[in-house]
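Have a look at the structure below before the remarks.
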Amino acid sequence: MNKPLPWADDTPRLSLWCAVLFCCFSALLAAVYLQPQLASLLCVVPVASYLMLGLQMGMVYGIGWSVLGMAVLWLRPGNDGAALLGTAAAVLGAGVLSHLFETRRAALAAALRRIAALDPLTGLHNHLYLESIFSQLTRSHRGKPQSVTMMLVAPAPGASNEQMVDIARLIGEVCRPSDWAFRFGDERFCVLVPWVTQVQGQQIAERLLARVNAEQQQARLGLARWPDDAQTLAELHKIASSQIKQA
């Protein structure tokens with residue numbers, strides 16, 4: 001449970017920047033061919049690629065356009081072998097340093113995202129991550145039952161930190177690997193159960209409530225279903241919360 005969904009390269013507007021750099025690098029290669037003394041500008045290629053496109057596409061663009069740039073210099077009549085070798089070494093150095101820097105930056109960004117997304121007490125995702133996951137689940141059913149069941153679990157009032165950790169553990173034991181669990185506020189948990197029928201969602205909810213109440217008394221559970229009960233996350237939460245209050 002709580003495995004990350006497949007993420008694309010997190011560079012904003014990746015396609016746009018690919019097109020922009022394509023035009024810029026094409027102009028740069030033309031300038032280098034006409035004016036070989038501008039060959040040192042090829043060092044900009046890997047730096048700009050990693051800076052604007054991120055690690056994955058930056059590596060593709062950096063290597064591809066650097067090789068093209070060196071090919072342009074090599075094929076130009078009257079090229080200087082020594083100058084060509086020096087330019088190649090400088091471009092390679094810029095590429096290696098750019099790759100190392102972007103690798104460390106990407107690792108740090110991923111670590112910060114994990115820290116920001118997790119509740120430090122229970123290890124579940126926090127509610128700031130809930131809307132993003134809900135949006136992805138409602139778009140990616142891929143032929144499965146087009147539904148997402150929301151379960152709100154409210155422990156007994158005044159539950160201790162140890163009890164909250166125990167409930168998080170029980171949620172992980174009952175729910176499926178494809179389900180998502182969140183700490184919602186200080187005293188509630190939210191579980192998103194995607195791609196199940198109404199009966200299956202109800203069965204999972206009943207098993208979860210029975211398991212929690214087997215160890216802790218007076219836990220309450222609210223249930224709402226997308227898209228049958230509501231279309232938005234806020235409306236689902238309102239329905240589930242009203243059921244908890246009635247319970």
Following the transitive rule for hydrophobic clusters with a side-chain heavy-atom cut-off under 4.5 Å over Ile, Leu, Val, Met, Phe, Trp and Tyr, establish whether [X] and [Y] coincide in one cluster.
X	Y	answer
Leu100	Leu92	yes
Trp226	Val199	no
Leu38	Leu73	yes
Leu41	Phe25	yes
Leu14	Val45	yes

[atom2] on [Y] to [atom1] on [X], rounded to 0.5 Å:
X	Y	atom1	atom2	result
Leu55	Ser98	CG	OG	11.0 Å
Leu68	Leu28	CG	CG	11.0 Å
Leu53	Met59	CG	CE	12.0 Å
Asn126	Arg183	CG	CZ	10.0 Å
Met150	Arg225	CE	CZ	13.5 Å
Ile133	Leu137	CD1	CG	6.5 Å

With heavy-atom distances below 4.5 Å as the criterion, would you say the side chains of [X] and [Y] are in contact?
X	Y	answer
Asp119	His125	no
Glu162	Val165	no
Ser66	Leu42	no
Ile204	Arg176	yes
Met151	Leu208	yes
Phe189	Pro155	yes
Phe182	Tyr129	yes
Thr149	Val196	yes

Please check if the side chain of [X] supplies one atom and the backbone of [Y] the other of a donor-acceptor pair under 3.5 Å.
X	Y	value
Thr103	His99	yes
Arg76	Tyr33	yes
Ser242	Ile239	yes
Gln163	Ser160	yes

Heavy atoms only: give me the nearest [X]-[Y] pair and the separation to one decimal.
X	Y	result
Ala224	Ala240	CB-N, 4.3 Å
Gly185	His127	N-ND1, 4.3 Å
Met164	Arg188	CE-N, 4.4 Å
Leu209	Ala219	CD1-O, 3.5 Å
Leu223	Ala205	CD1-CB, 3.9 Å
Thr87	Ala39	CG2-O, 3.7 Å

Aromatic ring proximity, centroids under 6.0 angstrom, Phe134 and Trp180: no
Arg169 and Thr122: side chain donor to acceptor below 3.5 Å: no
Verdict with supporting geometry, Asp179 and Leu192, side-chain contact (heavy atoms from CB on, under 4.5 Å): CA-CA 6 Å; Asp179 299 336; Leu192 296 181; over 6 Å; no
Test side-chain contact (heavy atoms from CB on, under 4.5 Å) applied to Arg220 and Gln243, step by step: CA-CA 9 Å; Arg220 296 161 295 164; Gln243 293 181 6; over 6 Å; no
Flag if over 12 foreign heavy atoms under 6.0 Å of CD, Glu206: yes
Worked check of side-chain contact (heavy atoms from CB on, under 4.5 Å) between Val191 and Cys175: CA-CA 9 Å; Val191 182; Cys175 293; 3.7 Å; yes
Full working for side-chain contact (heavy atoms from CB on, under 4.5 Å) between Ser147 and Thr197: CA-CA 7 Å; Ser147 68; Thr197 64; over 6 Å; no
Pair Glu235 + Lys238: basic N to acidic O under 4.0 Å: no
Parallel, tilted or perpendicular: rings of Phe22 and Trp65 (30°, 60°): perpendicular
